[in-house]
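The chains referred to below are lettered A, B, ... by the order of the sequence lines, with proteins before strands, and numbering in each begins at 1.
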Amino acid sequence: MTETADAGLADAVTERDVPTRLSWESRSRRVVTIYVPLICFLIILLFPFYWMGITAFKPDAELLDYKHNNPFFIQHVTLANIRKLLFETEYPRWLMTTMGVAVGATVLSLFSSVLAAYAIQRLRFRGSTTVGLLIYLAYLVPPSILFIPLATMVFQLGLFDSPFALVLTYPTFLIPFCTWLLIGYFKSIPYELEECALIDGATRLQILRRITLPLAVPGLISAGIFAFTLSWNEFIYALAFIQSSENKTVPVAILTELVTGDVYQWGALMAGSLLGSLPVAIFYSFFVEYYVSSLTGAVKE
Amino acid sequence: MDASVWTFKRPKQNALVRLLDHKPFLTFLCMLPAGLLLLLFLTYPLGLGFWLSFTDTQIGQAGEWVGLENFDSILHDRVFINTVWNTMFYTVVATVGKFALGLWLALLLNENLPFKSLLRAIILLPFIVPTVLSAIAFWFLYDPQFSIISYLLVDVLHLRTTYIDFLGTPWPARWSLIAANIWRGIPFVAITLLAGLQTISPSLYEAALLDGSSGWQRFRFITFPLLMPILAIVLTFSVLFTFTDFQLVYAITRGGPIDSTHLMATLAFQRGIPGGQLGEGAAIAVSMIPFLIFATLFSYFALARRKWQQGESND
């Protein structure tokens, strides 16, 4: 193993089995007990994506005939499914709606969460720990319980069938998570920095803007990514509050608009799923480390 | 707070700046957006849900108070009773599966492996991708005619002679959904437990090795107890979200065949939104709450109790 590879693993606390490896823990035993199961896990976890990808680019003739074509590969790559999706359905429109809703909900919840987390962690008013606990409990209220009363509310507010209904309701599950994450981040910033600024005559809002926020950028990015992917993936509210085809979000639209009749258009369905997953996957791949740290950090808190 | 000596150095502040620096006012202002959104769209609907479950509200028609009628009717509804059993079965089996496989995967990832962060990133993919979209992929994998699983078993391995009808009959459909749920749940469990594993000090294992412990003993007496606190939290979340699952079932079977795979959430949706019986839907949704409270308290206290037994601080 090269130096660089070992350096990359330095942060992991796994060096223990280098010195303590026993004689019977030979290379072949390691292969059987670790690598073989790991590869099985990887194949099972990734196969649906491979299948999604390969089906999206397969012509219908190959797709429906396993006897003469090996189903695991493509003989003739086609873009017909993608073209059909982009030009014969309202897919671009759905993508735009989803993007707008996700960005709107993320911005709204980040703004509210930053202020709430700052108040709870730094302004330390009476009962701030209780408020923190209540916000944590709010995260445990699942959307499946809330969608029926929310649907009646959305209807009465005149927001039915409007993307604004989603922008306003998504923060109910985003704010608790983001606030909790940011409280943890603010806690890690030394309070002395703020005290110095207070002595220098800065106002509280100046401190938040000039000192706390710049130091909490990694936390903000984590919270933002999480909020974005959660709102991109949200399904039940979007299904219950949106009726007209042009206002649907991608997950809902694929399921309700592309499934027509008894003959399923598997090619188009898979192409839609692939395209709908790509934005989150790309977004995620840029910020994997933030994502993993927020996921594990939030659980550890 | 400032000594009078300092005041002349401060720039002249107008009333607005001074008001914003007044701590109680600032606190109020900071809590306002989050508080307002949560009270309006979370607390109020929660209460409204309870109220709706005692009325006969329908879509486009305000309801009247009917007392416990909705609960009475769903308790005599065979579909609802079956759904409750099915939801519990689904939750228990899927959670056990997720935790067994997720813990195994976490232990594998905790070994000294090359490309560790890349592996971690790839493994989280099923968790990132919108559930409905991966559910559609599973729907295709479970297709009666074009299922690749059936193809493998019948035409490649010759283990069966007929294609499996995954979603056409109740029990295969239930197991298929549970498999899809486990598939989606493994990454979250594995990655969070991996984080817990990495906090366990290697010196404990070294000491145990010197004492001549076996691999199982090290797992049983070091890894498992030290993992308990984080396991309890991950388990609580997992049980909560599996019990209230909606997307997978709605996307793959929509509760069919003959209402056998409904979860309480999908049944509430079916009765409430397309069926128009908001009161009855709300009653079904509200009946999830006792189960949720019980499951949360159980998984939290039964497991988190270990934390102070080990003499750690209980923060």
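- Between chain B and the residues A:L230, A:V250, A:I175, the largest count of heavy-atom pairs under 4.5 Å involves A:I175.
- In this structure, CD1 on B:I122 lies 6.5 Å from CG on A:L46, to the nearest 0.5 angstrom.
- With a 4.5 Å cut-off on non-hydrogen atoms, B:L240 touches chain A through its side chain but not through its backbone.
- For the options A:L205, A:V141, A:L208, A:T33, heavy-atom pairs under 4.5 Å to chain B are most numerous at A:L205.
- The part of A:A151 that comes within reach of chain B is its side chain, from C-beta onward, which places non-hydrogen atoms under 4.5 angstrom from that chain.
- At least one donor-acceptor pair under 3.5 Å links the side chain of A:Y284 to the backbone N or O of B:A121.
- A:V131 touches chain B through its side chain: at least one heavy atom from C-beta onward sits under 4.5 Å away, while N, CA, C and O do not.
- Using a 4.5 Å heavy-atom threshold, the side chains of A:V114 and B:C30 count as separate.
- With values rounded to the nearest 0.5 angstrom, B:Y44 atom OH is found 10.5 Å from A:L150 atom CG.
- In terms of heavy-atom pairs under 4.5 angstrom with chain B, the leader among A:L255, A:V280, A:T229 is A:L255.
- To the nearest 0.5 Å, atoms CG (B:L46) and CD1 (A:I145) are separated by 7.0 Å.
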**OP:** Take A:N233 and B:L133 through the test side-chain contact (heavy atoms from CB on, under 4.5 Å) and record every step on the way to the result.
**Re:** CA-CA 9 Å; A:N233 298 357; B:L133 304 186; over 6 Å; no
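- With a 4.5 angstrom heavy-atom cutoff, B:I186 touches chain A only via side-chain atoms.
- With hydrogens and angles ignored, the 3.5 Å screen pairs no side-chain donor or acceptor of B:T244 with any backbone N or O of A:S144.
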**OP:** Given side-chain contact (heavy atoms from CB on, under 4.5 Å), test B:L48 with A:T152 step by step and report yes or no.
**Re:** CA-CA 9 Å; B:L48 186 65; A:T152 64; 3.5 Å; yes
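- Contact annotation for B:F246: only side-chain heavy atoms (C-beta onward) come within less than 4.5 Å of a heavy atom of chain A.
- Using a 4.5 Å cut-off between heavy atoms, B:R254 touches chain A through its side chain atoms alone.
- At a 4.5 Å heavy-atom cutoff, the contact between B:I273 and chain A is made by side-chain atoms alone.
- Using a 4.5 Å cut-off between heavy atoms, B:F269 contacts chain A through both its backbone and its side chain.
- A:L140 touches chain B through backbone and side chain together, each having a heavy atom under 4.5 Å away.
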**OP:** Kindly determine whether B:Q247 and A:I236 satisfy side-chain contact (heavy atoms from CB on, under 4.5 Å), including the steps that lead there.
**Re:** CA-CA 7 Å; B:Q247 310 194 11; A:I236 189 165; 6.0 Å; no
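- Here the two rings, on B:W183 and A:F41, have centers that are 6.0 Å apart or farther.
- For A:F49, the part sitting under 4.5 Å from any heavy atom of chain B is the side chain, from C-beta outward, and nothing else.
- With a 6.0 Å radius and a threshold of 12 heavy atoms from other residues, nucleotides or ligands, A:F286 has its CZ atom at or below the threshold.
- Under the 4.5 Å side-chain criterion, counting only non-hydrogen atoms from C-beta, B:L141 is in contact with A:W51.
- Proximity of B:T131 to A:F235: side-chain heavy atoms (C-beta onward) are nowhere separated by under 4.5 Å.
- Residue contact with chain B, scored on non-hydrogen atoms closer than 4.5 Å, involves the side chain of A:F111 exclusively.
- For B:L119, the part sitting under 4.5 Å from any heavy atom of chain A is the side chain, from C-beta outward, and nothing else.
- Taking 4.5 Å as the limit, some side-chain heavy atom of A:I120 sits within range of a side-chain heavy atom of B:M31.
- Contact tally against chain B (heavy-atom pairs below 4.5 Å) for A:L108, A:I44, A:L115: the top residue is A:L115.
- The aromatic rings of B:F241 and A:Y139 stand perpendicular to each other, their planes meeting at an angle above 60°, with 30° marking the opposite boundary.
- Here A:M153 contributes atom CE and B:F41 contributes atom CZ; the two are 5.0 Å apart, rounded to the nearest 0.5 Å.
- If you measure heavy-atom distances from A:T179 to chain B, you find no contacts under 4.5 Å at all.
- In terms of heavy-atom pairs under 4.5 angstrom with chain B, the leader among A:L269, A:D200, A:L168 is A:L168.
- Proximity to chain A is limited to the side chain of B:L52, based on heavy atoms less than 4.5 angstrom apart.
- Between B:L26 and A:T203 there is no side-chain heavy-atom pair separated by less than 4.5 Å.
- In this structure, CG in B:L101 is found 11.5 Å from SG in A:C40, a value given to the nearest 0.5 Å.
- Ranking A:I135, A:L134, A:L42 against chain B, the residue ahead of the rest is A:L42, based on heavy-atom pairs under 4.5 Å.
- For B:W51, no part sits under 4.5 Å from any heavy atom of chain A, backbone or side chain.
- Within 6.0 Å of CZ in A:F47 there are more than 12 heavy atoms belonging to other residues, nucleotides or ligands.
- Note that CG of A:L123 is 4.5 Å distant from OG1 of B:T27, once rounded to the nearest 0.5 Å.
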**OP:** Test B:L109 against A:L38 for side-chain contact (heavy atoms from CB on, under 4.5 Å), laying out the working first.
**Re:** CA-CA 8 Å; B:L109 288 173; A:L38 193 63; 4.2 Å; yes
